[in-house]
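In what follows, a single structure is set out as structure tokens and then discussed.
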Protein chains: 2
Amino acid sequence: MSDDTETSDDTGTGRDLMAIFERNEMPDTFRISFLANSLVLPVYDEIKREYDLSRGEYLLLFCLSNMTELTAQDVAQMTGRPRNSISRAVHRMLRDGYLTRSPDSEDGRQVLLRITPAGQKLHKQIVPKFAERQGALLGALTGDERQKLDQLLSKLVLATTL
Amino acid sequence: MSDDTETSDDTGTGRDLMAIFERNEMPDTFRISFLANSLVLPVYDEIKREYDLSRGEYLLLFCLSNMTELTAQDVAQMTGRPRNSISRAVHRMLRDGYLTRSPDSEDGRQVLLRITPAGQKLHKQIVPKFAERQGALLGALTGDERQKLDQLLSKLVLATTL
DNA sequence: ATATTATTGTTCCATTTGGAACAATGTTGC
DNA sequence: GCAACATTGTTCCAAATGGAACAATAATAT
């Protein structure tokens with residue numbers, strides 16, 4: 001009889017890569033980080049190939065598609081990316097007609113960004129890709145578990161000082 | 001009476017950035033991604049400043065500190081980063097004495113990586129930074145909630161085909 | 001009022017990144 | 001046995017990235 005006490009070993013080399021999730025000193029951080037990668041990286045690759053949008057560019061589109069009006073700084077805070085990256089993404093997306101820019105009359109430093117119908121259309125094409133990936137991964141949970149996860153994530157996110 | 005029906009508005013501009021977490025079409029993906037950023041980005045910045053290690057370099061150290069023996073390909077799979085990035089990180093870390101390399105006698109293509117005592121020592125200095133950040137964020141949960149979160153994350157991660 | 005400090009968005013530039021092609025080794029199918 | 005294909009790790013190079021300095025505007029202090 002063969003040894004199948006191991007949890008998983010896709011390498012066929014005796015190294016069980018999944019074991020690291022149980023062993024390490026910051027299991028939640030590592031698992032959340034890994035899950036985030038697993039959720040978004042394949043989709044970003046797809047978006048890059050099909051629409052030639054970088055991660056930062058898509059994140060900008062995503063934020064604006066849900067928020068009606070944002071400054072570049074807002075987007076930087078929401079996405080954790082540096083301001084200059086957002087700035088570049090804004091110019092690229094402006095050029096391609098996915099968003100508009102209007103100076104804020106109340107604060108001359110700020111510029112308010114809004115998504116255009118073309119941007120919304122693009123976003124609508126992309127969202128299902130994320131939804132599909134999310135469904136595939138979260139499908140491992142029962143309805144109750146999923147609800148509980150939502151609740152916990154929501155609480156955690158709200159606890160974060162943006 | 002003032003309008004305080006809003007959930008949170010740190011901008012003072014009437015834009016509630018946290019609202020995006022409730023509104024978007026893939027709330028779990030976005031929340032997990034945001035949490036991952038929030039957990040690791042500040043720590044990676046610190047590691048960069050204090051030890052001049054890039055994210056990829058530290059991830060390599062982290063994987064090896066928990067796994068005794070890995071190939072570059074293993075690390076690429078675990079971290080979601082391209083093989084060439086790992087390759088670079090390996091050479092950098094070899095040069096600095098944080099790991100060793102030995103050809104696999106059973107497969108001439110592979111090279112087995114192991115952490116050195118110096119690497120372990122470095123890792124031990126860094127781990128508390130992640131632990132602290134994790135504690136700060138997860139502190140928002142009760143003990144029960146935290147346990148449930150662990151359980152759900154574990155299930156999700158195991159469902160991922162590495 | 002005015003000096004000081006802070007914030008926003010941008011540009012510059014050195015560094016990092018990751019796709020593609022490659023050589024070396026393994027595996028599979030016939 | 002050997003041809004076709006797959007996998008590992010590396011190098012090359014174009015593109016993305018992010019820190020730092022900057023100009024413009026705003027907020028704060030005196």
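Letters A, B, ... are given to chains in the order of the sequence lines, protein chains preceding strands, and every chain is numbered from 1. Below, each value reflects all heavy atoms present in this structure, side chains not excepted, and no hydrogens, waters or symmetry copies.
- In this structure, A:D107 places its CG atom 17 Å from P of C:dA6, rounding to the nearest Å.
- A donor N or O paired with an acceptor N or O is found under 3.5 Å between the base of C:dG9 and the side-chain atoms of A:R83.
- Counting non-hydrogen atoms under 4.0 angstrom, A:R101 reaches the backbone sugars and phosphates but no base.
- Regarding A:L70, its CG atom lies at a distance of 15 Å from the C1' atom of C:dG9, rounded to whole Å.
- To the nearest angstrom, P of D:dT17 lies 10 Å from CD1 of A:I86.
- Counting distance only, with no hydrogens placed and no angle test, the side-chain atoms of B:R88 and the base atoms of D:dG9 include no donor-acceptor pair under 3.5 Å.
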Please walk me through it: do B:Q134 and A:T29 pass side chain to side chain donor-acceptor pair (under 3.5 Å)?
CA-CA 6 Å; B:Q134 177 177 294; A:T29 296; 2.6 Å; yes
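- Checking D:dG9, D:dG18, C:dG18 against the side-chain heavy atoms of B:N84 singles out C:dG18 as nearest.
- Ranking D:dT10, C:dC12, C:dG9 by closeness to the B:H91 side chain, first place goes to D:dT10.
- Here D:dA16 presents its C1' atom at 14 Å from CZ of B:R81, a figure rounded to the nearest Å.
- Of the charged side-chain nitrogens involved, at least one lies within less than 4.0 Å of a carboxylate oxygen, so that B:K129 and B:E50 count as a salt-bridged pair.
- With D:dG9, C:dG18, C:dT8 as the candidates, the nucleotide lying closest to the side chain of B:P82 is C:dG18.
- Within the nucleic acid shown, A:V90 has no heavy atom closer than 4.0 Å to any nucleic acid atom.
- For B:D45 and A:G108, each mapped to the nucleotide of DNA chain D holding its nearest heavy atom, the one lying further toward the 5' end belongs to B:D45.
- When rounded to the nearest whole Å, the span between CZ of A:R55 and P of D:dT17 equals 9 Å.
- Checked for salt-bridge contact, A:R109 and A:D104 miss the test: no charged N lies under 4.0 Å from a carboxylate O.
- Here the nucleotide nearest the side chain of A:R109, chosen from D:dA26, D:dG18, D:dT10, is D:dA26.
- Salt bridge B:K48/B:D52: absent, no basic N to carboxylate O contact under 4.0 Å.
- In the model, A:N84 has no side-chain atom that pairs as donor or acceptor with a side-chain atom of A:S87 under 3.5 Å.
- A close approach under 4.0 Å does not occur between any side-chain nitrogen or oxygen of A:S85 and OP1 or OP2 of D:dT17.
- The distance from atom CG of A:L99 to atom C1' of C:dG9 is 15 Å, rounded to the nearest whole Å.
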